[in-house]
Amino acid sequence: MKVYDLSQPLNQECSFWPYYPPFEVKYIKRKAEHGVNAQYIQTSNHMGTHLDAPRHFVTNGKTIDQIPMEWLCRPGCIVDLRDEMDDLAVYTPKMIEDRVDVHEGDILLLHTGWHKYAQFGSEPDEARYIHIHPGAH
């Protein structure tokens, strides 16, 4: 099985969900003074690479630590939708099924091309990345 690393850099430049507190990091110990480097990190769960656990939407849903690894590491497919994605574009199940053969239980990765507008992308545009990205029908 080929493994894809989808992680984004985690730092003060990373986009975060509007109205949530931004990522914060500061040294609380420095090697020169304390013999060790130590940092304090504070962040919301809606920034950078993250996974919404079912509990985010369902009162008694699973928390992150309760999600089985089998849910996250399994066969899947990538569907390239870049040619149909624009500001506030909507993708549909038909668009996906017309392009790839999806089987029950597959992990489906949608390539909208919108990563180019992220802070680390080739055309950074935070407002566009956060507010007018494509979404599901």
Side-chain angles (χ1 to χ4, degrees):
M1 173 184 345
K2 183 170 180 156
V3 177
Y4 293 88
D5 179 1
L6 302 178
S7 58
Q8 302 171 6
L10 183 61
N11 58 43
Q12 311 76 297
E13 301 298 316
C14 191
S15 299
F16 54 93
W17 195 250
Y19 313 111
Y20 279 38
F23 180 84
E24 180 183 337
V25 61
K26 59 186 171 187
Y27 279 97
I28 55 176
K29 291 187 177 184
R30 295 304 302 231
K31 181 143 176 44
E33 186 178 347
H34 304 101
V36 64
N37 285 318
Q39 295 173 307
Y40 169 81
I41 298 172
Q42 181 174 314
T43 183
S44 73
N45 61 344
H46 276 289
M47 67 170 295
T49 308
H50 72 279
L51 172 69
D52 288 340
R55 174 74 57 95
H56 184 57
F57 301 101
V58 179
T59 301
N60 64 346
K62 290 185 184 304
T63 57
I64 287 292
D65 60 306
Q66 296 170 331
I67 293 176
M69 271 311 240
E70 299 78 46
W71 286 16
L72 306 174
C73 298
R74 59 190 313 150
C77 51
I78 300 170
V79 59
D80 189 343
L81 299 168
R82 290 176 295 173
D83 63 321
E84 294 198 52
M85 296 297 100
D86 202 351
D87 295 350
L88 299 174
V90 174
Y91 49 84
T92 66
K94 182 174 180 351
M95 291 166 69
I96 294 166
E97 292 164 356
D98 285 351
R99 294 166 187 251
V100 295
D101 188 21
V102 183
H103 298 95
E104 187 170 335
D106 279 355
I107 290 178
L108 179 62
L109 299 177
L110 305 175
H111 184 11
T112 65
W114 228 248
H115 65 285
K116 67 184 170 192
Y117 301 120
Q119 63 89 16
F120 53 84
S122 60
E123 301 174 41
D125 185 338
E126 185 177 37
R128 193 171 191 188
Y129 183 70
I130 295 289
H131 294 295
I132 56 176
H133 56 79
H137 177 271

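FYI, the numbering just counts along the sequence from 1. Hydrogens, waters and symmetry mates play no part in the numbers below; they use all other heavy atoms, side chains included.
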| message | Looking at every heavy atom in both H131 and P18, which two are closest together, and how far apart are they? | response | CE1-CG, 3.5 Å
| Exercise: identify the closest heavy-atom pair between P9 and C14 | O-SG, 3.7 Å
| query | Under 4.5 Å between any side-chain heavy atoms of E84 and R99, yes or no? | reply | yes
| request: Find out whether V25 and L10 are in side-chain contact, i.e. whether some heavy atom of one side chain is under 4.5 Å from a heavy atom of the other. | output: no
| message | The criterion is ring pair (Phe, Tyr, Trp, His ring centres under 6.0 Å); which residues satisfy it with H50, sequence neighbours excluded? | response | H46
| Roughly how far apart are Y20 OH and T43 OG1, rounded to 0.5 Å? | 11.5 Å
| request: May I ask you to decide if N37's main-chain N or O and R30's side chain share a donor-acceptor pair within less than 3.5 Å? | output: no
| field | Minimum-distance pair of heavy atoms, taken over all atoms of S44 and P21 | value | OG-O, 4.1 Å
| query | Which ILVMFWY residues are connected to F120, directly or by a chain of links, through side-chain heavy atoms under 4.5 Å apart? | reply | none
| Co-membership, hydrophobic cluster, residues I28 and V36, 4.5 Å side-chain | no
| Between M47 and F23, is any pair of side-chain heavy atoms under 4.5 Å apart? | yes
| said: Keeping R128 on the side-chain end and Y117 on the backbone end, is there a donor-acceptor pair under 3.5 Å? | reply: no
| query | Under the 3.5 angstrom rule, does the side chain of D106 hit a backbone N or O of L108 as a donor-acceptor pair? | reply | no
| About how many Å separate CZ of R55 and CG of N60, when rounded to the nearest 0.5 Å? | 7.0 Å
| query | How long is the gap from CD on Q39 to NZ on K29, to the nearest 0.5 Å? | reply | 13.5 Å
| query | Got D87 and W114 here, is their nearest side-chain heavy-atom distance under 4.5 Å? | reply | yes
| Does one hydrophobic cluster hold both Y129 and I132, with members joined at side-chain heavy-atom distances below 4.5 Å? | no
| query | Apart from M69 itself, what residues make up its hydrophobic cluster, given side-chain heavy atom links below 4.5 Å? | reply | L51, I64, I67, W71, L72
| field | Heavy-atom side-chain contact between I78 and D80 under 4.5 Å | value | no
| Which atom names give the shortest non-hydrogen contact between P134 and Y91, and what distance separates them? | C-CE2, 4.3 Å
| task | For residues A53 and K62, report the shortest heavy-atom separation together with the two atoms involved. | result | CB-O, 3.4 Å
| query | Would you call the rings of H115 and H111 parallel, tilted or perpendicular if under 30° counts as parallel and over 60° as perpendicular? | reply | tilted
| Min side-chain heavy-atom separation H103-D101 under 4.5 Å | yes
| query | Rounded to the nearest 0.5 Å, how far does CD of Q8 lie from CD of E13? | reply | 13.5 Å
| request: Report yes if some heavy atom in the side chain of M95 is under 4.5 Å from a heavy atom in the side chain of M85; otherwise report no. | output: yes
